[in-house]
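Single-structure report; data block below.
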Amino acid sequence: MTDQESGRRPKYQRIADELRTAIQSGTFAPGDRLPGENDLMSTYDVARMTARQALSVLRDEGLAEARRGAGVFVRSFRPVRRRGIPRLGRDQWGNGRSVWSADIEDRALVVDQIEVTPAAPAGPRVAGILGLGSPDEPVCVRSRRFVLDGKPVLVSVSYLPAALAAGTAVTEPDTGPGGTYARLAERGHGPVRFREEIRCRMPTAEESARLALGPGTPVILISRTAVTEAGAAVEFNEMTLDSASYVLEYDFDA
């Protein structure tokens, strides 16, 4: 950007640019308090509204967070590294480990909200994905919210044919060692292939509330279908992730 182009930018954006550069260079480290409105007013000779707008830009970009009564701080980013391939391996859930354990290492992951409906109408979309005969055919629905280090990071909703889930721990809040896939395998319907679709968008009001998202933070949407050796879809899982909390990692051979 040339000096002339920079000069045409609103002053609050130029202040935000300088603060962003300072954050990226390490001048302000994660957890550091940024200059407040009074500091920016004095340093740049601007009105309070201009200083406030500059700090809002950084909050909207997810680089900073406001703490009531304390100021605006550089956001600390200790991401959940979601290892997309090894987490779904049979040697993970087949040996009694949760697929989530591949992501969190030694951190404490808590499911603080869980709702299980053993039989609910699938609806056209889920029925089509699971290959059911009718939208009215029942599915078992498992909805969960995951909290890491005291912060909600993920909402997950799984759909399974009710006939496969019936009489198993899949219909209970705690599915037992290895989770849903281990229970399916015990019935001869263990998945051998997964397909995930990933996209990103801004959250709905409900998603913002459930994930306690900061202003301007988008969500990552991951839709996963689990398929058996016979080609039958046995689970469809829709996940909504706080994008500020995740890094998606895929490691595979060429």
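Hydrogens, waters and symmetry mates are skipped; everything else that's a heavy atom, side chains included, is used. The first residue in the sequence is number 1, and the count goes up from there.
- A heavy-atom distance below 4.5 Å is found between the side chains of Arg20 and Leu58.
- Shown here for Ala233 and Pro161, the closest heavy-atom pair between the two residues is O-CG, 4.3 Å.
- Phe194 and Val157 fall into different hydrophobic clusters, defined by Ile, Leu, Val, Met, Phe, Trp and Tyr side-chain heavy atoms under 4.5 Å apart, directly or through other members.
- Checked options Val170, Val139, Val234; the residue passing with Leu160 is Val170 (criterion: side chain to side chain contact (heavy atoms under 4.5 Å, CB included)).
- No more than 12 heavy-atom neighbours from other residues, nucleotides or ligands sit within 6.0 angstrom of CD on Glu115.
- Residue Arg75 comes nearest to Pro30 through the heavy atom pair O-CB, 4.1 Å, listed as atom of the first residue, atom of the second, then distance.
- At a threshold of 4.5 Å between non-hydrogen side-chain atoms, the residues Arg82 and Tyr250 count as touching.
- A single hydrophobic cluster is seen to contain both Leu221 and Val155, as judged by linkage of ILVMFWY side chains at heavy-atom distances under 4.5 Å, directly or through other members.
- Heavy-atom neighbours of Asp251 CG from other residues, nucleotides or ligands within 6.0 Å: at or below the threshold of 12.
- With rounding to the nearest 0.5 Å, the separation of CZ in Arg199 from CD1 in Ile222 is 12.0 Å.
- Within a 6.0 Å sphere centred on CZ of Arg195, heavy atoms belonging to other residues, nucleotides or ligands number 12 at most.
- Atom CD1 of Ile129 sits about 13.0 Å away from atom CZ of Arg224, to the nearest 0.5 Å.
- The heavy-atom pair separating Ala64 from Leu34 by the smallest distance is CB-CD1, 3.9 Å.
- A donor-acceptor pair under 3.5 Å is absent between the side-chain atoms of Thr27 and the main chain of Ile23, judged by distance alone.
- For the pairing with Thr50, the side chain to side chain contact (heavy atoms under 4.5 Å, CB included) check across Lys11, Gln13, Glu37, Met41 returns one residue only, Lys11.
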Between Glu238 and Arg125, is the salt bridge (charged side-chain N to carboxylate O under 4.0 Å, His left out) condition met? List the steps. CA-CA 12 Å; Glu238 292 186 299; Arg125 180 166 176 262; 2.5 Å; yes
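- Contact detail for Gly179 and Thr175: the closest heavy-atom pair is CA-OG1, 3.2 Å.
- Side-chain atoms of Ser56 and Arg59 form a donor-acceptor pair, as typed in the model, at a separation below 3.5 Å.
- For the pair Glu137 and Leu130, the minimum side-chain heavy-atom distance is 4.5 Å or more.
- The main-chain N or O of Asn38 is never found under 3.5 Å from a side-chain atom of Ser42 such that the two would form a donor-acceptor pair.
- Taking all atoms of both residues into account, the shortest heavy-atom contact from Ala54 to Ala16 is O-CB, 3.8 Å.
- Contact annotation: the side chain of Leu19 approaches that of Leu55 to within less than 4.5 Å [non-hydrogen atoms, C-beta and beyond].
- Grouping the Ile, Leu, Val, Met, Phe, Trp and Tyr side chains by contacts below 4.5 angstrom, directly or via other members, places Val153 with Ile220.
- Proximity of Ile114 to Arg142: side-chain heavy atoms (C-beta onward) are separated by under 4.5 Å at one or more points.
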Checking Asp39 against Arg33 for the side-chain contact (heavy atoms from CB on, under 4.5 Å) test, could you report, in this order, the C-alpha distance in whole Å, the side-chain angles of both residues, the deciding distance, and whether it holds? CA-CA 12 Å; Asp39 299 321; Arg33 184 182 184 278; 4.0 Å; yes
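- Using a 4.5 Å heavy-atom cutoff, the side chains of Thr217 and Ser243 are in contact.
- Under 4.0 Å is where a charged nitrogen must lie from a carboxylate oxygen, and between Arg14 and Asp17 no such pair does.
- The nearest pair of heavy atoms linking Leu40 to Val46 is O-CG2, 3.8 Å.
- A continuous path of hydrophobic side-chain contacts links Tyr246 to Leu109 [ILVMFWY only; heavy atoms under 4.5 Å].
- Atom CG of Leu241 is separated from atom CG of Leu154 by 5.0 Å, given to the nearest 0.5 angstrom.
- Asn237 and Ser156 form a side-chain donor-acceptor contact under 3.5 Å, judged by distance and modelled atom types alone.
- Atom OG1 of Thr21 is separated from atom CZ of Phe28 by 11.5 Å, given to the nearest 0.5 angstrom.
- Val74 and Val57 fall into different hydrophobic clusters, where Ile, Leu, Val, Met, Phe, Trp and Tyr side chains are chained together by heavy-atom contacts under 4.5 Å.
- The distance from the CD atom of Glu197 to the OG1 atom of Thr225 is 7.0 Å, given to the nearest 0.5 Å.
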> What do the steps show when you test Arg210 against Glu207 for salt bridge (charged side-chain N to carboxylate O under 4.0 Å, His left out), and what is the final call?
Replying inline: CA-CA 5 Å; Arg210 289 198 72 186; Glu207 290 166 344; over 6 Å; no
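- With a 4.5 Å cut-off on side-chain heavy atoms, Met49 and Tyr12 do not count as touching.
- Side-chain contact between Pro203 and Leu211 is absent, with no heavy-atom pair separated by less than 4.5 Å.
- Between the CZ atom in Arg183 and the NE2 atom in His189 there is a gap of 14.5 Å [rounded to 0.5 Å].
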